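These numbers come from a predicted model, not from an experiment. A, B, ... follow the sequence lines: proteins, then strands. Residue 1 opens every chain.
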There are 2 protein chains.
Amino acid sequence: MPDVKHFDADEALAAVELLFWRQGVTATGIQDIVSATGLSRSSLYNAFGSKEELYAAALQRYLDERSRPMFDRLASDDRGLPAIADFFDRLIRLRCTGRHARWGCLISNAHTEHSSEPARLLLDQHHGGLRAAFEAALEVARGKGDLRPGLDQAGAAEMLTLLAYGVNLRSRSGAAPKDLKAGVETCLHTLAKHPLGF
Amino acid sequence: MPDVKHFDADEALAAVELLFWRQGVTATGIQDIVSATGLSRSSLYNAFGSKEELYAAALQRYLDERSRPMFDRLASDDRGLPAIADFFDRLIRLRCTGRHARWGCLISNAHTEHSSEPARLLLDQHHGGLRAAFEAALEVARGKGDLRPGLDQAGAAEMLTLLAYGVNLRSRSGAAPKDLKAGVETCLHTLAKHPLGF
DNA sequence: CTTATCTTGGATTGGTCGTTCCAAGATAAG
DNA sequence: CTTATCTTGGAACGACCAATCCAAGATAAG
């Protein structure tokens with residue numbers, strides 16, 4: 001008896017995610033979403049509820065589909081410091097070139113825009129996830145004896161996380177990749193016991 | 001013959017600055033500005049032009065009245081590394097406590113919201129100003145022999161600037177001051193030649 | 001006071017905001 | 001096919017958006 005859904009909810013959410021990512025929540029109207037998804041207002045509200053809920057869903061999708069894979073790759077990379085360097089290389093390339101150049105990071109952007117408590121929790125999750133991934137990579141580096149003696153690993157993980165946010169932010173205003181790279185590379189050099197070969 | 005202005009333009013701009021700082025541009029309506037300044041729409045548009053121009057003026061005021069004094073203090077502080085540590089101490093206190101707690105930095109926030117080219121130039125000015133101040137402090141530290149040998153000072157200045165943006169961003173979502181401090185302190189320790197006494 | 005000029009408040013513009021509602025269309029079980 | 005249920009598109013809601021305009025008020029020189 002009951003009718004089934006006539007569209008792919010996640011496909012629609014993916015389109016919404018791109019809108020919020022590029023333009024922000026407040027600058028994105030429901031009409032923009034209707035146009036981008038091809039769905040009607042009714043279907044949208046029926047499937048996702050209010051705009052705020054839609055935003056939260058988009059944040060969640062970004063965290064799961066975009067951030068987490070980056071975190072996991074970093075955390076399971078057994079190279080230590082080179083893994084961290086690789087992470088930042090990819091990050092800067094992602095932020096400065098290609099389809100999403102100058103978009104920044106949806107989660108970083110949300111720090112300025114968010115309002116609801118569920119949204120804020122997602123930001124903390126993102127922060128914790130990235131920080132944990134850095135800690136894992138640092139622990140590997142320590143095992144290899146690559147870390148500067150006396151380094152506070154927890155503090156270093158927090159520092160690297162804040163640095164990543166800085167990269168995300170500045171890239172949105174068109175910061176030069178070479179400047180971002182210079183800042184990151186100096187940071188990595190100060191973590192290492194011996195001069196790095198990259 | 002001509003009549004004179006009946007209000008203090010900078011006083012009004014200061015109120016507008018606070019609104020944009022706390023709520024962002026898009027979330028702030030002209031009506032909010034009318035209420036906060038006590039001025040009429042006519043006076044507002046007559047004195048400042050469009051909302052976009054008003055935003056640019058607020059950014060400029062923030063840069064001149066809030067950021068620059070911090071930069072100048074840092075650049076003219078002759079202590080070197082302790083000057084940098086002091087800068088971050090003040091920054092974190094400013095961002096996490098008091099009247100503007102959890103507001104972040106208007107310029108950092110603008111990275112997500114800005115649209116016009118004049119606004120973007122102000123962001124670059126801010127970045128360059130802070131970076132130059134860090135470079136000056138690092139140069140002092142080098143003169144004292146406090147810097148780790150082989151450190152790239154330009155890269156370190158860029159790193160510290162990105163770190164400050166990270167602090168600004170995370171503070172808006174209620175990051176714990178102790179976490180921010182931990183990240184900053186580790187960063188400073190890695191810059192120093194010898195263990196720091198603070 | 002007269003007069004010329006600028007300032008001011010309030011009404012008003014056309015447009016867009018997020019959201020709701022309802023009738024028409026689509027679907028699948030019986 | 002009938003029937004019950006869900007989906008869909010489009011109209012409509014009141015509220016607010018940035019911006020403009022104009023008549024009335026305030027001001028200061030002569």
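- In this structure, Asp32(B) atom CG and dC16(D) atom P are separated by 10 Å, rounded to whole Å.
- Residue Thr28(A) is classed as a sugar-phosphate contact, given heavy-atom separations below 4.0 Å to backbone atoms only.
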* **Structure string for DNA chain C in dot-bracket form, Watson-Crick and G-U at under 3.5 Å, | interchain** => ||||||||||||||||||||||||||||||
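- The residues Arg79(A) and Asp86(A) are annotated as salt-bridged, a charged nitrogen and a carboxylate oxygen being separated by less than 4.0 angstrom.
- Listed nucleotides: dA19(D), dT7(D), dT7(C). Nearest to the side chain of Asn46(A): dT7(D).
- You'll find a donor-acceptor pair under 3.5 Å spanning the side chain of Arg41(A) and the base of dT19(C), going by distance alone.
- When the C1' atom of dT19(C) is taken as reference, atom CG of Leu54(A) falls 13 Å away, rounded to whole Å.
- Aromatic ring centres of Phe87(B) and Phe71(B) lie farther apart than the 6.0 Å criterion allows.
- Separation of the His111(B) and Tyr165(B) ring centroids falls under the 6.0 Å cut-off.
- Between Ser43(B) and dT7(C) there is no side-chain N or O to OP1 or OP2 distance below 4.0 Å.
- Side-chain proximity of Ser42(B) to dC22(C), dG9(C), dT19(C): nearest is dG9(C).
- Looking at Glu113(A) and Thr26(A), their side chains do bring a donor and an acceptor atom within 3.5 Å of each other.
- Between the CZ atom of Phe7(B) and the P atom of dG25(D) there is a distance of 20 Å, given to the nearest Å.
- Residues Leu130(B) and Leu180(A) fall within the same hydrophobic cluster, defined by Ile, Leu, Val, Met, Phe, Trp and Tyr side chains chained together at heavy-atom separations under 4.5 Å.
- Between dT7(D), dA19(D), dG18(C), one nucleotide has an atom nearer to the side chain of Ile30(A) than all others, and that is dG18(C).
- In this structure, the nucleotide among dT20(C), dC17(C), dA18(D) sitting nearest to the side chain of Tyr45(A) is dT20(C).
- More than 12 heavy atoms of other residues, nucleotides or ligands lie within 6.0 Å of CZ in Arg102(A), so this atom counts as buried by the packing criterion.
- Following rounding to the nearest Å, Leu44(B) (CG) and dC6(C) (P) show an atom-to-atom distance of 20 Å.
- The distance from atom CD of Gln31(B) to atom P of dG9(C) is 12 Å, rounded to the nearest whole Å.
- Rounded to whole Å, atom P of dA18(D) lies 7 Å from atom CD1 of Ile33(B).
- Checked by atom type, the side-chain pair Glu158(B)/Thr161(B) shows no donor-acceptor distance below 3.5 Å.
- The separation between Glu53(A) atom CD and dT19(C) atom C1' is 12 Å, rounded to whole Å.
- Atom CG of Leu39(A) is separated from atom P of dA26(C) by 17 Å (rounded to the nearest Å).
- An OP1 or OP2 oxygen of dT8(D) is reached within less than 4.0 angstrom by no side-chain nitrogen or oxygen of Ser40(A).
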